[in-house]
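No experiment lies behind these values; they were computed from the predicted model shown. Order of the sequence lines sets the chain letters (A, B, ...), proteins ahead of strands, with each chain counted from 1.
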Protein chains: 2
Amino acid sequence: MGHTRVTATTSDEGAAVPVTIRDVARASGVHISTVSRTFSAPHLVNPETRVRVLACAEDLGYRPNRAARALITGRTHNIGLIIADIANPFFPPLIKAAESQARHRDYHVFVADTNEDPTAEEELVHALAKQVDGVLLCSPRMSNSLIEQLSREVPLVVVNRQVAGLPCVLMDVGQGARTAIEHLIGLGHRGIALLGGPRSSWTNREMRRAASAAARSGGAELTVLGPNAPTEIGGSAVAEQVRRSGVSAVLAYNDLMAIGLIEGLDALGVRVPQEVSVVGVDDITLSRLTRPKLTTVATPTGAAGRTAVDMLLQQDIESPRGARGPGAGTALGIRRTTAQVMLQTDLVIRDSTGPGPHARPARPLAAPPGPDPHCPAGPGDPTVATGDAVAS
Amino acid sequence: MGHTRVTATTSDEGAAVPVTIRDVARASGVHISTVSRTFSAPHLVNPETRVRVLACAEDLGYRPNRAARALITGRTHNIGLIIADIANPFFPPLIKAAESQARHRDYHVFVADTNEDPTAEEELVHALAKQVDGVLLCSPRMSNSLIEQLSREVPLVVVNRQVAGLPCVLMDVGQGARTAIEHLIGLGHRGIALLGGPRSSWTNREMRRAASAAARSGGAELTVLGPNAPTEIGGSAVAEQVRRSGVSAVLAYNDLMAIGLIEGLDALGVRVPQEVSVVGVDDITLSRLTRPKLTTVATPTGAAGRTAVDMLLQQDIESPRGARGPGAGTALGIRRTTAQVMLQTDLVIRDSTGPGPHARPARPLAAPPGPDPHCPAGPGDPTVATGDAVAS
DNA sequence: TACTTCATTGCAAACCTTTGCAGCATCACG
DNA sequence: CGTGATGCTGCAAAGGTTTGCAATGAAGTA
């Protein structure tokens with residue numbers, strides 16, 4: 001058994017006897033339908049009866065069988081959460097927030113990891129479709145058209161990807177990139193590189209667009225390097241290229257790449273931030289722990305998770321899925337509301353950015369020179385517009 | 001709307017028409033029971049019929065309704081995974097491995113986060129009990145007796161905690177601590193501190209026991225500091241205390257604490273590893289990314305997740321839960337096998353440990369002087385002993 | 001030929017809950 | 001006192017699947 005110890009024993013234990021609505025009915029002397037209503041429509045049952053039933057239920061330790069409930073209502077009270085890679089530090093806060101939000105709404109969350117594989121993504125949606133009321137697709141790797149197609153099978157909310165006709169939760173990395181570039185220009189940098197991420201990434205395109213515009217209007221020159229793998233390795237691999245390009249500042253696709261780049265530069269003897277400034281995106285926990293501490297564009301990951309759950313549930317609530325009740329059969333067209341929510345990002349200035357070659361000596365390196373000052377509370381949860389409401 | 005943009009539109013879409021076993025039966029001209037058997041007991045149906053049914057099912061896009069199946073079999077094919085804090089970098093690899101393993105066995109995983117709250121833990125077990133076939137309790141914060149009690153409600157597997165009579169997956173941190181201490185002694189350290197974690201932690205007790213023994217037999221003196229919060233903050237908070245204690249090396253309860261400590265020491269002007277060596281435990285991704293790179297005891301997190309799932313499923317397979325089939329009712333005692341698996345740990349030497357005051361100049365600081373050389377493949381998955389098998 | 005065995009399939013009950021409908025008091029009002 | 005309304009409860013069907021049992025037919029055996 002090599003490097004593992006195993007000890008085993010067996011024993012007999014009393015099995016949990018399943019207590020059903022029927023037991024509660026018998027104990028409290030009412031019909032099962034009354035018990036059912038006590039839980040699902042309390043206002044329809046006499047207060048006296050209600051307390052008696054509740055007492056009996058409590059006594060017997062009754063818990064409704066969600067499978068049976070799902071069978072008849074068509075709603076499982078479960079949602080699926082499909083993630084490219086759970087071990088990527090960007091996602092755990094999102095998972096955590098989504099799970100918490102769902103639980104507050106009496107939903108449970110299936111978490112599934114695709115290992116960055118688009119095929120696995122598709123299969124998972126299929127596999128989950130029948131046993132959840134909706135699926136959150138986080139940073140999907142499959143094509144928009146496939147996503148649209150799958151959305152006919154099960155309600156979908158997409159995070160970090162813009163899909164026409166589907167509810168999306170996006171982070172305003174455009175604004176983030178702009179603020180970051182302005183911060184660098186304010187520090188006196190004129191030659192700036194953008195370390196691109198995966199080609200198919202919506203975030204990547206947005207960042208590039210915004211960074212170019214900001215550099216142009218700030219009188220700086222932007223060099224785009226990439227696409228690259230959005231990992232630490234991807235970052236360290238371009239260190240040499242960054243050095244050769246002669247830029248004095250870099251905006252990386254995400255924190256992992258930024259950290260990798262700093263490592264790579266260090267190995268080449270290039271010091272950060274003295275010789276090159278580096279900005280990341282995401283503000284993962286890690287970015288506070290490396291040295292130098294990373295200046296980064298904080299993305300509201302938790303808020304994204306909560307918002308996505310809200311949007312999904314909102315959709316579900318107005319349109320129960322599948323056959324419904326005994327007299328069903330007319331499930332032809334459901335009204336579906338598709339909102340796109342854009343969450344604000346915030347630049348967090350730490351130690352990986354410093355004065356560039358064109359710095360004015362007097363200038364203190366403090367707050368970012370962004371056009372609008374951020375509210376200090378940080379990014380909060382948006383109110384999701386319902387129905388035909390349109391804002392901005 | 002403050003810092004958030006929301007746009008919304010509504011549209012009508014065709015709802016997914018649920019295709020049931022009945023549709024498949026009609027399409028392929030057989031009875032529904034034959035369709036059912038095609039999926040759940042293929043050997044009972046004529047090969048010809050089988051292919052026809054499968055073709056029709058494929059055609060119509062049939063997916064079995066797991067709620068209905070669960071209702072009658074009493075098995076949901078879901079498992080619960082209760083985690084103290086998803087955002088703690090120790091857990092994601094475990095979650096990822098468990099989810100993957102479960103999926104290979106045609107199970108889905110509910111992930112729930114307790115925010116380190118024992119009460120939430122208990123509630124979650126209750127809430128999940130009826131809708132999963134078993135629960136994985138990871139690094140639980142509640143008492144052993146409560147865990148035992150809950151295990152009568154739903155099959156439980158415990159990770160990182162030893163509970164008599166319950167299947168447990170443990171990491172051999174005792175061995176890890178011993179190896180780490182021996183490594184430090186080999187480097188010439190004689191005054192060593194142990195940074196304790198939470199008091200109620202099984203891991204904490206094991207480490208302390210093993211570290212004391214190793215220090216004693218190696219002629220070093222061990223100072224125990226703590227208990228402390230198992231976080232970066234907890235680590236940096238004791239930096240001053242470490243400096244005052246005059247030790248030249250520290251073994252921390254986990255990597256986060258070790259990293260926090262290094263930060264704290266740095267702030268005090270104490271350099272690592274030149275003045276103080278630091279060893280962590282866990283080998284989280286982060287430990288490769290900080291500077292200096294952390295020497296640490298690697299715990300087989302992924303293997304733990306996989307093993308725990310295996311143990312749970314093994315238990316389930318031999319003992320279906322609750323009422324079973326039409327003629328049930330005799331669910332009095334089920335046979336349950338409780339194995340305790342101990343997974344090996346491995347010392348990973350990086351840059352946060354160096355020669356101590358008693359170092360012999362000639363000695364290269366290479367491999368650890370542990371009594372048994374590790375197999376280089378690293379910790380693998382154990383074979384779980386079934387039934388009455390007992391190994392070592 | 002008659003009888004058994006076997007493979008395959010159909011039948012129908014059961015799992016637990018929800019919910020439309022109907023029944024029954026009770027009460028108020030005219 | 002009759003009528004209608006109201007509040008509460010019971011009845012029974014329905015949801016999709018599994019599974020013990022029975023029925024069928026074919027093949028093998030005596």
Side-chain angles (χ1 to χ4, degrees), chain A residues 17-26 28-53 57 60 62-77 129-131 320-331, chain B residues 16-26 28-53 57 60-77 129-131 320-331:
Chain A
V17 190
V19 28
T20 77
I21 211 177
R22 197 157 262 110
D23 301 313
V24 179
R26 198 174 315 122
S28 48
V30 296
H31 194 261
I32 57 163
S33 55
T34 303
V35 179
S36 171
R37 276 187 277 254
T38 304
F39 290 99
S40 52
H43 59 280
L44 288 182
V45 16
N46 186 319
E48 261 176 74
T49 326
R50 197 193 308 160
V51 300
R52 189 157 35 101
V53 170
L60 283 84
Y62 167 74
R63 309 252 161 194
N65 181 324
R66 295 177 84 128
R69 183 180 285 180
L71 190 54
I72 186 162
T73 62
R75 324 201 71 247
T76 61
H77 267 241
K130 269 281 177 49
Q131 79 181 307
R321 300 210 306 123
R324 179 155 172 70
T330 56
Chain B
V17 190
V19 28
T20 77
I21 211 177
R22 198 157 260 112
D23 301 314
V24 179
R26 198 174 314 121
S28 48
V30 296
H31 193 262
I32 58 164
S33 56
T34 303
V35 179
S36 171
R37 277 187 275 256
T38 305
F39 290 99
S40 53
H43 60 281
L44 288 182
V45 16
N46 187 319
E48 263 176 72
T49 326
R50 195 192 311 160
V51 300
R52 188 157 36 99
V53 171
L60 286 97
Y62 167 74
R63 310 252 161 195
N65 181 324
R66 295 176 85 128
R69 183 178 285 180
L71 190 54
I72 186 161
T73 62
R75 322 200 73 249
T76 61
H77 267 240
K130 267 282 178 43
Q131 81 180 303
R321 298 210 310 122
R324 180 155 174 71
T330 57

With sequence neighbours left out, the residues meeting salt bridge (Lys or Arg N to Asp or Glu O under 4.0 Å) with B:Arg22 are none
Taking every heavy atom of B:Val19 against every heavy atom of B:Asp23, the minimum-distance pair comes out as CA-OD2, 3.3 Å
At under 4.0 Å between heavy atoms, what does A:Tyr62 touch on the DNA or RNA strands: base, sugar-phosphate, or nothing?
sugar-phosphate
Need one value for B:Thr20: base, sugar-phosphate or nothing, where a base atom within 4.0 Å counts as base even if backbone is also close, heavy atoms only. sugar-phosphate
**Asked** Counting only side-chain N and O atoms of A:Ser36, is one of them less than 4.0 Å from OP1 or OP2 of C:dT18?
**Response** yes
Applied to residues 61-70 of chain B, the salt bridge (Lys or Arg N to Asp or Glu O under 4.0 Å) test, sequence neighbours excluded, yields B:Arg66-B:Asp106
Roughly, in whole Å, what's the span from [atom1] in [X] to [atom2] in [N]?
| X | N | atom1 | atom2 | answer |
| --- | --- | --- | --- | --- |
| A:Ile21 | C:dC15 | CD1 | P | 14 Å |
| B:Arg63 | D:dT17 | CZ | P | 13 Å |
| A:Lys130 | D:dT17 | NZ | P | 7 Å |
| B:His77 | D:dT17 | NE2 | P | 15 Å |
| A:Gln131 | D:dG16 | CD | C1' | 14 Å |
| B:Arg75 | D:dT17 | CZ | P | 19 Å |
| B:Arg69 | C:dA14 | CZ | C1' | 17 Å |
| A:Ile72 | D:dG15 | CD1 | P | 9 Å |

At a cut-off of 3.5 Å, list every protein nitrogen or oxygen paired with a nitrogen or oxygen from nucleotides 23-26 of chain D, distance to 0.1 Å.
none

> Side chains of A:Ile32 and A:Arg26: closer than 4.5 Å at any heavy-atom pair?
Replying inline: no
(message) Does any part of the side chain of B:Val53, heavy atoms only, come nearer than 4.5 Å to the side chain of B:Arg50, both counted from C-beta?
(response) no
Double-helix bend of the helix from C:dT1-D:dA30 to C:dG30-D:dC1, axes at both ends from 5 pairs, round to 10°, gives 50°
Contacts under 3.5 Å, N or O only, protein and nucleotides 4-11 of chain C:
{"unit_1": "C:dT9", "atom_1": "OP1", "unit_2": "B:Thr49", "atom_2": "OG1", "d": "2.4"}
{"unit_1": "C:dT9", "atom_1": "OP2", "unit_2": "B:Asn46", "atom_2": "N", "d": "2.9"}
{"unit_1": "C:dG10", "atom_1": "OP2", "unit_2": "B:His31", "atom_2": "N", "d": "2.8"}
{"unit_1": "C:dG10", "atom_1": "OP2", "unit_2": "B:Thr34", "atom_2": "OG1", "d": "2.7"}
{"unit_1": "C:dG10", "atom_1": "N7", "unit_2": "B:Arg37", "atom_2": "NH2", "d": "2.9"}
{"unit_1": "C:dG10", "atom_1": "O6", "unit_2": "B:Arg37", "atom_2": "NH1", "d": "3.4"}
{"unit_1": "C:dG10", "atom_1": "O6", "unit_2": "B:Arg37", "atom_2": "NH2", "d": "3.1"}
{"unit_1": "C:dC11", "atom_1": "N4", "unit_2": "B:Ser33", "atom_2": "OG", "d": "3.4"}

Against the side chain of B:Leu71, the closest entry in D:dT18, C:dT18, D:dG16 is D:dG16
Under 3.5 Å, N/O pairs linking protein and nucleotides 25-27 of chain C:
none

Here the side chain to side chain donor-acceptor pair (under 3.5 Å) pairs for residues 28-43 of chain A, sequence neighbours left out, are A:His31-A:Ser33, A:Ser33-A:Arg37
With sequence neighbours left out, the residues meeting side-chain contact (heavy atoms from CB on, under 4.5 Å) with B:Asn65 are A:Leu71, B:Ala67, B:Ala68
Output for pair (A:Leu60 CG, A:Ile21 CD1), nearest 0.5 Å, gives 12.5 Å
